[in-house]
Every structure is written in C-alpha cells, then in structure tokens.
Amino acid sequence: MKYWIPCELHTHTTHSDGRQSLMELAEKAKKEEIRCIALTDHNTISGNSDKYNVMKQTGVHIISGLEWTTFYGHMVILGVKRYEDWRNIEIDNIDASIEKIHDHGAIVGIAHPFRIGSPLCTGCYWEYKVKDWNNIDYIEVMSSDVLKDKSSNMRTLDFWTDLLNQGFRPTAVYGRDWHSGGNAEKNVAVTYLGIDTLNGDFDSAVLNAIANGAAVVTSGPLLLMECKLKNVNKIYTIGETIQLEKSDGCIDIDVSIDFTVRKDQWRLGENMTLSIVSNKGEIARVPVDVNRPNFSFDVLHTGIKWIRAELYGFIDEQQLLIALTNPIYFKM
Ligand SMILES: [Zn+2]
Ligand SMILES: [Zn+2]
C-alpha cells in the first residue's frame, strides 16, 4: 500500500528570481494542501539556510534542490547535499555531469523542455544532446499554467511517449515553476508521489518515488491505476513492472478517481473522459460519472510494453488533459 502525497517539485524564492521567501512559499503550499515542496532556485542552494525552521513552523516538508539555468536548457536537481556546479557543461556532454550528480545521491529532471526559449526565456528550451536517456530520472511533462501552456505541454507529452516507446522510463511530473502568487493566479496542477511510509526518511521516500515512477500528475482529482494478471493474485501499482510468463494473456486494469482530495483547490467542468493508453495506442475510452468513480478493463497484453491512464476534462470551458498516471510496465 502506498500513501499518495501532493507535492510541488519546482519552486523559486528571493534567493533567485522568486518574489517570496521560503516561509511565504511554504505557508502558501500549506494553504493549498501541498505536503512537500522542492526548493529549486536558479543555480544556488543558499535558500536552504532557513529550511529546517520553515519545515518546523509550517509542517510542509522541503526537499533541497536547484535548477541549473543555462543557455541550452534548465535541469532540476533534487536531493542535493552540496552545490552542483553547472559551469563546465557543454551542449554535448551533459551525461557526464549527470553521472556525477547521481554519485552524490541526487536525481535530475528536465524542466519545461518545450517552453519558448530566447529571447523570451533564455535557455528555457531544452537543447542538450542526451546520450543515454536512462540518465534522466524525470521530465516535467506538464509545467506552469496548464491552460496557457497547453501546446508546449502537449509537445512534451508526445516527446515523453516517444521515449517510453523506445524503452526508456523517465518519470512524468508537473512543475509549477512557482515564483509568486497562489493557485488563484494560475491554472496549476500537483504531482502526487506514492511513498511506502510516512514515518521513515521522507527525503529518500520522495526521491525513490520519483526515480521509480510512482507519480501521478493532476489539476484535479487523484487518478490511480492497478494491474493484475488473470488468475494471479499479485497487484501491480503505478511505476511497477509486470514480468510476463508468456507473450499472450489477459490483464485486469482497475482505475479509481478520488474526487475528494484537495477538493477546495480545483474546479472542473462536468464532462470528463477516462482513457487507457499504451504503446499500441488507446485501449479504452469511457465517460466518467463522478458518482461511480471505479473502472475495470479486461485487456489482452499481447505486445503491450506499458499502460497509463489519462483523464480529460474542462477548465474554463476549454478541454484539456486533467490528470495522467505514470505507466505500469510489462516485460517478457
Ligand atoms: Zn526554468
Ligand atoms: Zn524554474
């Protein structure tokens, strides 16, 4: 059993170009029922000096991070224990730097890869030539304002899907790139992370959840998915891999949508659609009745390498992807 906790993984304070102190940021997060934030100021970790005091006073957990802000792209690093220097990287050697970061126990993610770059936002567009995509722990598949940034987010979704189809498993997360204000000023999402315990080492639990794909992105309800092989009792959850004994057979897919979580923080239109997507395309599409939010599908797993759930709905009468699970993977 996992505890699904709402997190915001990309934030800024006055230690870089944010217009909020760490205390103000954590207080706003608390008001928005966010349990954990990652502090990712541009090229600095100086904001961490107040971290333990802020965590104690607000109860919001803070993960130490930073955002490498360079001409060729922005890369977020979470779980930093020391300053990670960005000044030696070139457009074609970022893998070596990432390996060093992993050696220090931190993880890396690509921030807003398709946001418009220079001159609007220098380096915001990702241009680094990644040699091995296994080095990338996560990608901000949704970022910033989910309505205004819909087209660049959809481009990232296609890009991520392509990586999944090639056999890579970067985890999809949301990054608000939170510089100021609250959720009334932006159409925001959160990332729910599935952690095994609420009592142990919280930093490790959060980093493991991201690294292992136990993550759900949503601008509304919590979308969860489980899979089970026919006649086998083991249940697999988001991010896990099902080892198949034979190439053809049936799986049960169970999807649930929890409309009670953080329900004061979001407002959606009435019509919603649930879609089950795999490397072979869409498997199922059904309308969602909020009073009956549990769904079961019987599917042939022949040729399937990954499956994820997507929830479509309306914000301000515009249709868009509201929620997205990371995949459950299949291996022969
Ligand atoms: Zn950035
Ligand atoms: Zn940022």
Side-chain angles (χ1 to χ4, degrees), residues 7-22 24-26 28-29 32 34 36-48 51 60 62-80 83-87 89 91 94 97-98 101 106-128 130 136-146 148-157 159-160 170-183 185-191 206 210 215 217:
C7 307
E8 175 43 57
L9 301 174
H10 187 156
T11 69
H12 296 281
T13 69
T14 47
H15 284 259
S16 61
D17 61 350
R19 290 187 294 281
Q20 53 201 354
S21 67
L22 185 57
E24 288 164 339
L25 169 66
K28 281 187 261 178
E32 295 188 20
I34 291 169
C36 171
I37 55 174
L39 172 61
T40 56
D41 272 315
H42 298 288
N43 299 334
T44 178
I45 55 170
S46 58
N48 280 295
K51 169 176 148 171
V60 173
I62 300 167
I63 301 284
S64 300
L66 80 160
E67 182 178 15
W68 269 5
T69 308
T70 77
F71 286 119
Y72 305 122
H74 293 191
M75 188 174 81
V76 198
I77 309 173
L78 302 185
V80 291
Y83 180 69
E84 301 284 352
D85 201 345
W86 57 278
R87 284 169 295 185
I89 39 172
I91 195 161
I94 195 152
S97 304
I98 294 172
I101 292 165
I107 62 172
V108 304
I110 298 179
H112 48 66
F114 290 104
R115 188 181 293 172
I116 294 171
S118 189
L120 284 183
C121 174
T122 303
C124 280
Y125 187 91
W126 183 264
E127 293 180 84
Y128 284 106
V130 175
I136 303 296
D137 299 291
Y138 69 98
I139 296 176
E140 287 179 1
V141 166
M142 271 203 237
S143 131
S144 203
D145 188 309
V146 296
K148 279 196 199 117
D149 296 84
K150 185 175 155 186
S151 65
S152 58
N153 285 342
M154 285 302 102
R155 249 184 108 181
T156 314
L157 181 69
F159 178 74
W160 176 61
T171 299
V173 307
Y174 168 75
R176 190 189 300 195
D177 208 352
W178 196 347
H179 285 80
S180 64
N183 66 0
E185 291 165 43
K186 244 184 184 182
N187 300 290
V188 299
V190 290
T191 308
V206 164
I210 299 171
V217 171

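In listed order, ligands and their atoms are each counted from 1. Residues: numbered from 1 along the sequence shown. All values derive from a computational prediction rather than experimental measurement.
For the pair I139 and P113, the minimum side-chain heavy-atom distance is below 4.5 Å.
The shortest non-hydrogen separation linking W68 to S97 is CH2-CB, 3.7 Å. When all heavy atoms are compared, the tightest approach of H74 to C124 is CE1-SG, 3.6 Å.
A salt bridge is absent between K28 and E8: the closest approach of a Lys/Arg side-chain nitrogen to an acidic carboxylate oxygen does not fall below 4.0 angstrom.
Around the Zn ion (ligand 2), the protein atoms of type N, O or S that sit closer than 2.8 Å are H10 NE2, H12 NE2, E67 OE1, D177 OD1.
Between the side chain of W160 and the backbone N or O of P170 there is at least one donor-acceptor pair closer than 3.5 Å.
The residue from L66, L78, D177 that alone fulfils the side-chain contact (heavy atoms from CB on, under 4.5 Å) condition with T40 is L78.
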